[in-house]
Each structure stands twice: as structure tokens, then as C-alpha cells.
Amino acid sequence: MDVFSAFVLAVLTAVGGGTFRDMILDVPVFWLTDSVTLWLAIAGGLLAFFFHKVVDAFRPLRWADAMGLALFAVTGAAKTANLGHSPLIVVIMGIMTASAGGILRDVVAQRDSLLMQEEIYATAALGGASVYAALHFGGFPESWAFSAGMLAGFLLRGGALVFGWSLPKARP
């Protein structure tokens with residue numbers, strides 16, 4: 001993979017889910033008016049390209065990813081809720097925001113998607129977005145809904161990392 005490929009994969013991962021969400025919700029795509037996300041993705045892609053051995057060996061990065069997953073799930077859910085959509089759509093858009101960029105990256109890189117493996121990933125986004133939606137539509141303060149959703153998503157993903165939690169598989 002050359003440096004441009006690393007850049008493309010980093011940007012797809014960072015903005016892919018939110019871009020899909022915004023296109024489906026028919027609102028302006030977030031990074032068109034705030035390029036900070038793009039610059040951070042470019043910096044991350046360059047860092048990963050030039051220091052991939054260090055990045056691959058850096059285990060705390062998995063915890064940062066867990067926090068990012070929870071944050072993106074709840075942020076996507078909150079944006080959708082604030083547009084007046086139903087709880088189901090809020091949860092779906094939260095999951096999409098958190099996981100579609102990684103799926104896009106895996107498809108473009110021709111890798112097996114984390115979504116299709118046993119590890120709990122998108123399920124953690126489902127948990128975080130669901131907790132957010134339940135509290136938001138239950139009339140709780142927005143800060144409570146946001147914080148509880150983030151905590152739920154992070155704890156689900158963290159539990160999967162620490163304890164190896166996974167969903168049951170269908171038996172043949």
C-alpha cells in the first residue's frame with residue numbers, strides 16, 4: 001500500500017459513516033463545512049503509514065477506537081434525534097455513523113470486515129445508540145442520554161476486548 005492508499009483508507013474510515021448518514025437524512029454532509037475531521041484523518045493516515053509497526057503494536061489504540069465507536073454512535077444518534085426522527089431511525093443512524101466507515105475501508109482494502117467476525121463491534125454501537133435513544137425519548141436531559149449512551153457503547157466494546165465477548169453463531 002502506498003501513502004496515497006493509506007490516506008484514502010484513513011479518510012474513508014473517518015468520514016464514511018457520517019457521510020452516509022447525512023446523505024440518507026438529506027442534510028449537508030458534515031465535513032463539507034468543518035474540514036477539521038478531514039485534516040485529522042489525513043494526519044492519522046500519514047502517522048499509520050510511516051509508523052505502522054508502532055501503531056500495530058500499540059494496544060491502547062484499541063481502547064481509543066472503543067471510545068471513538070461509542071462517541072460516533074451516540075453523536076450520530078443525537079444528530080438524527082435532533083432532526084425529529086423516530087427512535088428506530090435514531091438507533092440505525094447511530095450504528096451507521098459508528099461502523100459504516102470501517103466497513104467501507106475493509107471493502108476497499110479487500111479485507112474481511114470486522115462487522116462479519118464474532119467480535120462485538122457494531123453491537124456495541126447498537127447498545128450505545130439504543131441507550132441514548134431510550135433516554136432521549138424518555139424525556140431525560142440530553143447530557144444524561146449522551147453520557148449514558150457513550151458509557152454503554154464503551155463498556156460493551158471494552159467487555160469484548162477484555163473478556164472476549166461475542167455473539168452466538170448459528171449452528172449448521
Peer 1: Minimum heavy-atom separation for G128 and A152, please, with both atom names.
Peer 2: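 Nearest pair, atom of G128 first, then A152: CA-CB, 4.3 Å.
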Peer 1: Which residues satisfy the side-chain hydrogen bond (donor to acceptor under 3.5 Å, both in side chains) test with S130, sequence neighbours excluded?
Peer 2: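 S130: no side-chain hydrogen bond (donor to acceptor under 3.5 Å, both in side chains) contacts found.
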Peer 1: Scan for side chain to side chain donor-acceptor pair (under 3.5 Å) pairs involving residues 30-45, sequence neighbours excluded, and state none if there are none.
Peer 2: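 Listed once each, the pairs are T19-W31.
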Peer 1: In Å, rounded to the nearest 0.5 Å, how long is the span from CG of L25 to OG1 of T80?
Peer 2: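 Spacing of CG (L25) from OG1 (T80) equals 4.5 Å.
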Peer 1: Does one hydrophobic cluster hold both V27 and L32, with members joined at side-chain heavy-atom distances below 4.5 Å?
Peer 2: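 Looking at the clustering, L32 is in the same group as V27.
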Peer 1: Please report the interatomic distance CG(L104) to OG1(T13), rounded to the nearest 0.5 Å.
Peer 2: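 If I round to the nearest 0.5 Å, the distance is 8.0 Å.
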Peer 1: Which atom pairs, one a donor and one an acceptor, fall under 3.5 Å between side chains of residues 67-76 and the rest of the protein, sequence neighbours left out?
Peer 2:
unit_1 : atom_1 : unit_2 : atom_2 : d
T75    : OG1    : L71    : O      : 2.7

Peer 1: Would you give the length of the straight line joining atom CG of D106 to atom CG of L9, rounded to the nearest 0.5 angstrom?
Peer 2: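 It is 9.0 Å, given to the nearest 0.5 Å.
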Peer 1: Do any pairs count as a side chain to side chain donor-acceptor pair (under 3.5 Å) and have a residue in residues 139-153, sequence neighbours left out, and if so which ones?
Peer 2: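 As it turns out, the side chain to side chain donor-acceptor pair (under 3.5 Å) pairs with a partner in residues 139-153, which skip direct neighbours, are Y132-E142, H136-E142.
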Peer 1: I need the full list of salt bridge (Lys or Arg N to Asp or Glu O under 4.0 Å) pairs touching residues 5-24, with sequence neighbours left out, sorted by first then second residue.
Peer 2: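 Listed by first then second residue: D22-K79.
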Peer 1: Which ring-ring contact (aromatic ring centres under 6.0 Å, His included) pairs, counting each pair once, include a residue from residues 149-172, with sequence neighbours left out?
Peer 2: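 ring-ring contact (aromatic ring centres under 6.0 Å, His included) check on residues 149-172 returns W63-F154, F163-W165.
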Peer 1: Side chain to side chain contact (heavy atoms under 4.5 Å, CB included) with A6: which residues, sequence neighbours excluded?
Peer 2: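 Only M1, F49 meet the side chain to side chain contact (heavy atoms under 4.5 Å, CB included) criterion with A6.
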Peer 1: With sequence neighbours left out, which residue pairs that include part of residues 156-166 fulfil the salt bridge (Lys or Arg N to Asp or Glu O under 4.0 Å) condition?
Peer 2: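 Of all non-adjacent pairs touching residues 156-166, those that pass salt bridge (Lys or Arg N to Asp or Glu O under 4.0 Å) are E119-R157.
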Peer 1: Can you list, by chain and residue number, the hydrophobic cluster partners of L40 when the side-chain cut-off is 4.5 Å?
Peer 2: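 Taking Ile, Leu, Val, Met, Phe, Trp and Tyr as members, L40 shares its hydrophobic cluster with V36.
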Peer 1: Applying side chain to side chain contact (heavy atoms under 4.5 Å, CB included), name anything that partners V8, two or more places apart in sequence or on another chain.
Peer 2: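 For V8 the side chain to side chain contact (heavy atoms under 4.5 Å, CB included) partners, ignoring immediate neighbours, are F4, L12.
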Peer 1: Check this for me: F20, atom CZ, are more than 12 non-hydrogen atoms of other residues, nucleotides or ligands nearer than 6.0 Å?
Peer 2: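 No, because the 6.0 Å sphere around CZ of F20 holds 12 heavy atoms or fewer from other groups.
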Peer 1: Would you name the heavy atoms of A129 and G94 that are closest together and state the gap between them?
Peer 2: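 Smallest interatomic distance, heavy atoms only, reads CB-CA, 4.2 Å.
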Peer 1: Pairs in or reaching into residues 81-105: which pass salt bridge (Lys or Arg N to Asp or Glu O under 4.0 Å), with residues at least two apart or in two chains?
Peer 2: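 Those involving residues 81-105 do not exist here.
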Peer 1: Same cluster for F50 and I42 if Ile/Leu/Val/Met/Phe/Trp/Tyr side chains link at under 4.5 Å?
Peer 2: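 Yes, it is one cluster - the side chains of F50 and I42 are joined through contacts under 4.5 Å.
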Peer 1: Any side-chain heavy atom of F137 sitting closer than 4.5 Å to one from V90?
Peer 2: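 F137 reaches V90 side chain to side chain.
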Peer 1: In the single-linkage hydrophobic clustering (I, L, V, M, F, W, Y; side-chain heavy atoms under 4.5 Å), do V131 and L167 co-cluster?
Peer 2: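 Different clusters.
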Peer 1: Are L88 and L83 joined in one hydrophobic group, where the rule is that I, L, V, M, F, W and Y side chains link up if heavy atoms are under 4.5 Å apart?
Peer 2: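 Linked, L88 and L83 end up in one cluster.
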Peer 1: For a quick test of reading the model, state the closest non-hydrogen atom pair linking L156 to G127 and the distance between them.
Peer 2: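 Answer, listing the atom of L156 first, then G127: CD1-CA, 3.8 Å.
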Peer 1: With rounding to the nearest 0.5 angstrom, report the CZ to CG distance, F7 to D2.
Peer 2: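 The CG atom of D2 is 11.5 Å from CZ of F7, to the nearest 0.5 Å.
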Peer 1: Closest heavy-atom contact between A10 and G45?
Peer 2: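 Heavy-atom minimum between the residues: CB-CA, 3.5 Å.
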Peer 1: Members other than I95 in its cluster, when Ile, Leu, Val, Met, Phe, Trp, Tyr link by side-chain heavy atoms under 4.5 Å?
Peer 2: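 Hydrophobic cluster check, I95: joined to V91, L126.
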